[in-house]
Amino acid sequence: MTPLIRSLARRTVCTVLALAPLWMSAAPLEAGADLPPLRLNDQHDKPLLIGPATRILLFTAEKPASDLVIKVLSAKATGSPEQSGVVYVADISAMPAAIARLFALPKLRELSFPVGLARDAATVADLPRRAGSVSILHLKGGRVTKLQFVQTEAQLLQALELAP
């Protein structure tokens with residue numbers, strides 16, 4: 001084997017081994033499954049608590065869905081989302097670090113509620129997602145009791161039981 005082929009083969013094997021956890025991970029969570037521990041920091045780089053008091057986990061992996069969640073949670077008149085047992089997690093792993101640092105994080109820091117930031121896709125690989133949707137995991141004692149995907153403000157408000 002020539003040195004070039006040997007080098008390419010070694011790189012290919014290393015790449016396959018490095019990416020294996022991403023496609024070998026468990027299927028996305030479903031109702032009845034326990035929520036795996038998530039170790040995330042919020043937009044202020046403080047640890048985000050997703051514990052037994054968390055009753056709703058909102059998860060987004062795309063900007064339009066994230067904008068929808070931010071709009072709805074920002075408009076909530078009283079109390080913070082975490083006081084009502086709502087935790088919001090955004091997957092920003094696909095965002096270039098410079099864009100996140102220069103644009104996204106400054107905007108997120110203006111919010112009055114914490115946003116858990118998944119900077120590594122593997123961290124939230126088990127969370128269910130659907131293109132163009134907000135994933136809503138209803139939890140009881142850390143166990144998923146119901147799973148929803150919403151795309152509109154009205155659907156999100158209804159799911160959060162915030163609708164008048």
Side-chain angles (χ1 to χ4, degrees), residues 7-8 11-12 14-29 35-51 53-139 144 147-160 162:
S7 174
L8 288 173
R11 285 183 188 169
T12 302
C14 289
T15 300
V16 168
L17 291 175
L19 295 176
L22 293 178
W23 69 72
M24 290 174 44
S25 66
L29 293 173
L35 183 69
L38 295 174
R39 290 175 181 81
L40 302 170
N41 287 343
D42 68 12
Q43 69 270 36
H44 304 288
D45 209 28
K46 294 180 181 174
L48 181 74
L49 177 63
I50 302 172
T54 303
R55 63 180 192 85
I56 295 177
L57 175 67
L58 303 174
F59 173 67
T60 61
E62 300 170 340
K63 185 165 178 13
S66 177
D67 291 343
L68 174 63
V69 171
I70 289 170
K71 178 181 178 184
V72 168
L73 293 181
S74 294
K76 187 176 177 192
T78 58
S80 62
E82 66 273 14
Q83 289 173 334
S84 61
V86 176
V87 174
Y88 172 42
V89 172
D91 181 355
I92 63 167
S93 63
M95 186 182 300
I99 300 297
R101 186 176 62 255
L102 295 173
F103 301 104
L105 287 175
K107 285 194 176 268
L108 290 170
R109 288 183 182 127
E110 294 173 4
L111 298 174
S112 62
F113 54 89
V115 178
L117 300 176
R119 296 172 191 257
D120 177 14
T123 306
V124 291
D126 291 338
L127 295 182
R129 62 193 76 210
R130 186 177 290 167
S133 298
V134 177
S135 301
I136 304 174
L137 288 80
H138 296 265
L139 304 168
V144 179
L147 177 62
Q148 291 178 276
F149 297 98
V150 300
Q151 297 179 328
T152 68
E153 185 175 342
Q155 291 171 330
L156 182 55
L157 285 168
Q158 184 178 14
L160 293 174
L162 298 175

Quick one: closest heavy-atom pair of [X] and [Y], and the distance?
X: V134; Y: A65; value: CG2-O, 3.6 Å
X: A118; Y: L40; value: CA-CD2, 3.8 Å
X: A104; Y: M95; value: CB-SD, 3.6 Å
X: L49; Y: V87; value: O-CG2, 3.9 Å
X: P114; Y: D42; value: CB-OD2, 3.8 Å
X: L117; Y: Q43; value: CD1-CA, 3.7 Å

Is the shortest side-chain heavy-atom distance between [X] and [Y] below 4.5 Å?
X: V89; Y: V115; answer: no
X: P47; Y: N41; answer: yes
X: L57; Y: L127; answer: yes

What distance do [X] atom [atom1] and [Y] atom [atom2] have between them, rounded to the nearest 0.5 Å?
X: I56; Y: L58; atom1: CD1; atom2: CG; result: 6.5 Å
X: L29; Y: F59; atom1: CG; atom2: CZ; result: 10.5 Å
X: Q158; Y: E153; atom1: CD; atom2: CD; result: 13.0 Å
X: L108; Y: H44; atom1: CG; atom2: NE2; result: 8.5 Å
X: L139; Y: I50; atom1: CG; atom2: CD1; result: 9.0 Å
X: I136; Y: L160; atom1: CD1; atom2: CG; result: 5.5 Å

Verdict with reasoning, D67 to K71, per salt bridge (Lys or Arg N to Asp or Glu O under 4.0 Å) = CA-CA 6 Å; D67 291 343; K71 178 181 178 184; over 6 Å; no
query = Residues in side chain to side chain contact (heavy atoms under 4.5 Å, CB included) with L147, at least two apart?
reply = P128, L137, F149
ask   = After noting the C-alpha distance and the side-chain angles of S74 and L111, does the key distance pass the side-chain contact (heavy atoms from CB on, under 4.5 Å) rule?
value = CA-CA 7 Å; S74 294; L111 298 174; 3.7 Å; yes
task = Any pair with a residue in residues 103-115 that passes salt bridge (Lys or Arg N to Asp or Glu O under 4.0 Å), sequence neighbours left out, goes on the list, sorted by first then second residue, please.
result = none
task = Without swapping roles, check the side chain of R55 against the backbone of H138 for a donor-acceptor pair under 3.5 Å.
result = no
ask   = Does Q151 offer a backbone N or O that forms a donor-acceptor pair with the side chain of Q155 under 3.5 Å?
value = yes
ask   = Taking NZ, NE, NH1 and NH2 as the nitrogens, is one of them in R119 or D91 under 4.0 Å from a carboxylate oxygen of the other?
value = no
